[in-house]
Amino acid sequence: MLSPAQVLRSVNGKIKKEWKLAFLTAFLLGLLIHMPVLLSDIPNHDGLASMYFDQNMITSGRWFLMAACGASSFFTVPWVIGLLGLLFLGLTAAALCELLEVRTGWAVVGVSGLLVSFPALASTFAYVFTLDGYMLALLLAVLAVLFTKKHRRGFLPGAVCLAFSLGTYQGYLAFAMILAVFEVLAIFCRERRETVRRPLGGCFAEALRYLYMGVLGAALYYVILQVLLKIQGKELDTYQGINGMSSFGAERLVSALGDMYRDFVAFTFRGNVLFQNGFGLCACILLAASAAFAAVCMAKRRKWWKNLAVLVIIGIALLALPVVTNVILLISPDVNYHLLMRYQWVLYLIGAVALAEKCGSGNAGVAEEKRGSGGNAGVAEEKCGTGGNAGVAEKKRGNVWRAGVPAEWAAFAAAFLLIFCYGLTDNIAYTNLQKRYEKTYAYCLRLLDRIEQTKGYYPGIPIAMVGVVGDEQFPTTDLTLPVTGNMIGMSGDVLLYTGRNYEAFISNYLGATLNILPADSMAQMYYAEEYMAMDSFPGENSIRIIDGVMYIKTENVNR
């Protein structure tokens, strides 16, 4: 029997150096960027009621979320949850580098850095109570594509990974679909001599494995969902249109296609996330130009124009990318499509880095590694070292290398500038989240004192309130809106939107228990003259007791 030390050495020897670099970069850079939210208790509006939450969200289709979040307990402990989330994120970075065949150090760091700094991840960290489960879902989505690529029948374990990813959070389906499209493109855009050795039919058979993985994974997810719903005696909720999953059809596809393309263009260029200033815009342009140059070099070297089928596949794939990116609009047309669901846009930046790496010295390094290993090394050396074409081939390789180096440098600079810009955006958002908590604390402290000083108040008195904070009495003081405007859970002044938000905040942070009535209790009183005549808090007449119920008016006076 091997000792633990021997097992660890054996495992360590099988881990590629780029996997280690990707994992460490994602984990350590993730700590540096997201440390403020991991070391503080700064909840958003959803987090107020999730100090303890069993994550049983099967009615939202998330039948595996409870198990995925169970390792960190069901209490909101940001440090433990955050470390687990970064652990999964580091593994995801390593899996991405392996999937996209990223080998050189700068590109590995660039891929990992973009993954952990993209603002959609900061929005996910704002919902820290469910972060570890979501990051596990992301890892499973990437592994689904990786297994499919690496093994002939890898679509079977890939389908299982996809099903459990969807059962944790459906938002990462687009992540897997984009990666699958990338891999299909890679299959048909290989070196021309490789395509000759492998007929076009073989390329189609290889590409179909990704379709098998997706279909089987979705079917397995849906079957498990229906079984568990029957066992628990529940039905899908109307939240985010999840109950409309089973009504998928051609009519929905046709009506949603236009929305998908419009939204893709709008978010990419006007979403205020991919770039927010001149630095970010220049970095995006530079990275896109580097990737475009790399694609042109690959097309020239591999002679794509000589194969009509390859050109058709490339065209179809490019047209399909906006659709698979916005697949959530097809599944749930009425979804509130917030930043948490747009993490997949980072794959275009990561894909650009991976493509640019193959244009310069990075590609040469991979080729050198392949020539220096395996049984064909001697043959390759012999071919390179004999005949009149050796010098020509060497000259061509040198020309390609020299042409690719500037593009590689441009991608290098652009990627690291974007990582810095995104990390800055994340921390601006966390700063405002902290201020939202402090403003909410001050507001609720004043409100609780007024409630307790109101004549006729007693502990447990029924309280009816709308919950919205009036912006006439409390003007907007959020200075971060130009940065955080599209970052759900991050922007705004306070954490309060419903009466239940008040109840949770005052209970968890002020130590008082209020008997807030359900929202429908306001239905009859809301349009009554007595309520309309009341002042809005902190007005003198903002709290009244009528027929044994305390009414608190926090919204604007004029309606």
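These numbers come from the heavy atoms of this one structure, side chains and all, not from hydrogens, waters or symmetry mates.
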The reported gap from NE2 in His45 to CG in Leu495 (rounded to nearest 0.5 angstrom) is 9.0 Å
| For the residue pair Tyr134 and Tyr169, does the interplanar ring angle fall in the parallel (under 30°), tilted (30 to 60°) or perpendicular (over 60°) class? | parallel
Distance col, row Leu146:CG vs Leu139:CG, nearest 0.5 angstrom, shows 10.0 Å
To the nearest 0.5 Å, atom CG of Leu140 lies from atom CE of Met135 at 11.5 Å
Exercise for the section: Check step by step if salt bridge (charged side-chain N to carboxylate O under 4.0 Å, His left out) holds for Lys358 and Glu408. Expected result: CA-CA 9 Å; Lys358 292 173 175 57; Glu408 199 174 6; over 6 Å; no
Quick one: are the ring centres of Phe416 and Phe420 less than 6.0 Å apart? no
On a heavy-atom basis, the closest approach of Gly158 and Phe147 is N-CB, 4.1 Å
Between Ser112 and Ala26 (side chain of the first, backbone of the second, donor and acceptor by atom type, cut-off under 3.5 Å), is there such a pair? no
For Ala352 and Leu287, the nearest pair of non-hydrogen atoms, with its separation, is CB-CG, 3.7 Å
Heavy-atom nearest pair, Asp493 first then Thr440, reads O-OG1, 4.5 Å
CG of Asn272 to CG of Leu274, rounded to nearest 0.5 Å, is 10.0 Å
Check: Is the backbone of Gly489 close enough, under 3.5 Å, to the side chain of Asn44 for a donor and an acceptor to pair up by distance?
Finding: no
Side-chain heavy atoms of Tyr509 within contact of Met51, under 4.5 Å: yes
**Report entry** Criterion side chain to side chain contact (heavy atoms under 4.5 Å, CB included) on Met298 and Phe293, from CA distance to verdict
**Finding:** CA-CA 9 Å; Met298 291 174 68; Phe293 178 81; over 6 Å; no
**Q.** Asp478 versus Thr480, side-chain donor and acceptor atoms under 3.5 Å
**A.** yes
Item to complete: Indicate whether any N or O donor in one side chain lies under 3.5 Å from an N or O acceptor in the other, for Thr425 and Gln276.
Response: yes
OG of Ser123 to CD1 of Ile488, rounded to nearest 0.5 Å, is 7.0 Å
Minimal heavy-atom distance between Ile42 and Gln434, with the atoms involved, is CG2-OE1, 2.7 Å
Practice problem: Look at the side chain of Ser536 and the backbone N and O of Thr554, then say whether any donor-acceptor pair between them is shorter than 3.5 Å. | Solution: yes
message: Working note: Tyr443 + Phe537, criterion ring pair (Phe, Tyr, Trp, His ring centres under 6.0 Å); need CA distance, chi angles, decisive distance, verdict.
response: CA-CA 10 Å; Tyr443 177 84; Phe537 185 80; 5.6 Å; yes
Original post:
Less than 6.0 Å separating the ring centroids of Phe74 and Phe53?
Top reply: no
Item to complete: Could you tell me whether the side chains of Thr484 and Asn432 share a donor-acceptor contact shorter than 3.5 Å?
Response: no
Can you check whether Phe64 reaches Tyr221 side chain to side chain, under 4.5 Å on heavy atoms? no
Is the backbone of Val273 close enough, under 3.5 Å, to the side chain of Asn486 for a donor and an acceptor to pair up by distance? no
Discussion item. Between His34 and Tyr430, is the side chain to side chain contact (heavy atoms under 4.5 Å, CB included) condition met? List the steps.
Written reply: CA-CA 8 Å; His34 305 291; Tyr430 292 146; 2.7 Å; yes
Closest non-hydrogen contact found for Ser60 with Gln170 is O-NE2, 2.8 Å
Checking Val102, Leu24, Val353 against Val108 for side chain to side chain contact (heavy atoms under 4.5 Å, CB included), the one that qualifies is Val102
* Salt bridge flag under 4.0 Å for residues Lys435 and Glu438 -> no
Polar side-chain atom of Ser290 near backbone of Ala407 as donor-acceptor pair, under 3.5 Å
yes
Applying side chain to side chain contact (heavy atoms under 4.5 Å, CB included), run through Leu87 and Phe23 and close with a yes or a no.
CA-CA 8 Å; Leu87 172 66; Phe23 178 85; 3.6 Å; yes
List the atom pairs, with distances to 0.1 Å, where a side-chain N or O of residues 321-330 and a protein N or O form a donor-acceptor pair under 3.5 Å, not counting sequence neighbours.
unit_1, atom_1, unit_2, atom_2, d
Thr325, OG1, Leu321, O, 2.6
Thr325, OG1, Tyr348, OH, 2.4
Asn326, OD1, Tyr337, OH, 2.7
Asn326, ND2, Met260, O, 2.8
Asn326, ND2, Asp263, OD2, 3.3

Handout entry: Main-chain N/O of Ser50 paired with Thr76 side-chain donor or acceptor, under 3.5 Å
Key = yes
* To do: Count the heavy atoms of every other residue, nucleotide or ligand shown that sit under 6.0 Å from NZ of Lys16, and state whether that count exceeds 12.
  => yes
### Query
Quick one: does Asp259's side chain have a donor or acceptor within less than 3.5 Å of a partner on Ala256's backbone?
no
Check: Under 3.5 Å, side chain of Thr104 to main-chain N/O of Trp106, donor-acceptor pair present?
Finding: no
Check whether any side-chain heavy atom of Leu39 lies under 4.5 Å from a side-chain heavy atom of Pro78, and answer yes or no. no
**Study point:** Contact check, side chains of Val310 and Ile314, non-hydrogen atoms, under 4.5 Å
**Key:** yes
Are the side chains of Tyr441 and Tyr437 in contact, using a 4.5 Å heavy-atom criterion?
yes
Are Leu91 and Val142 side-chain neighbours, meaning at least one heavy-atom pair lies under 4.5 Å? no
Rounding to 0.5 Å, atoms CG (Leu433) and CD1 (Ile428) come to a distance of 14.0 Å
What one should report as the nearest heavy-atom pair of Cys161 and Leu143 is SG-CB, 4.2 Å
When the side chains of residues 171-179 are checked against the rest of the protein, which donor-acceptor pairs come out under 3.5 Å, sequence neighbours left out?
none

Hey, is the main chain of Arg103 close enough, under 3.5 Å, to the side chain of Glu357 for a donor-acceptor pair? yes
Next on the checklist: When you compare the side chain of Asn277 with that of Leu281, does any pair of heavy atoms fall below 4.5 Å?
Outcome noted: no
From the list Thr124, Leu349, Ile350, Leu418, side chain to side chain contact (heavy atoms under 4.5 Å, CB included) partner of Phe118 resolves to Leu349
Taking C-beta and beyond as the side chain, do Met341 and Val335 meet within less than 4.5 Å on heavy atoms?
-> yes
Audit row: Leu86, Leu38, side chain to side chain contact (heavy atoms under 4.5 Å, CB included) steps and yes/no:
CA-CA 11 Å; Leu86 290 175; Leu38 299 184; 4.1 Å; yes
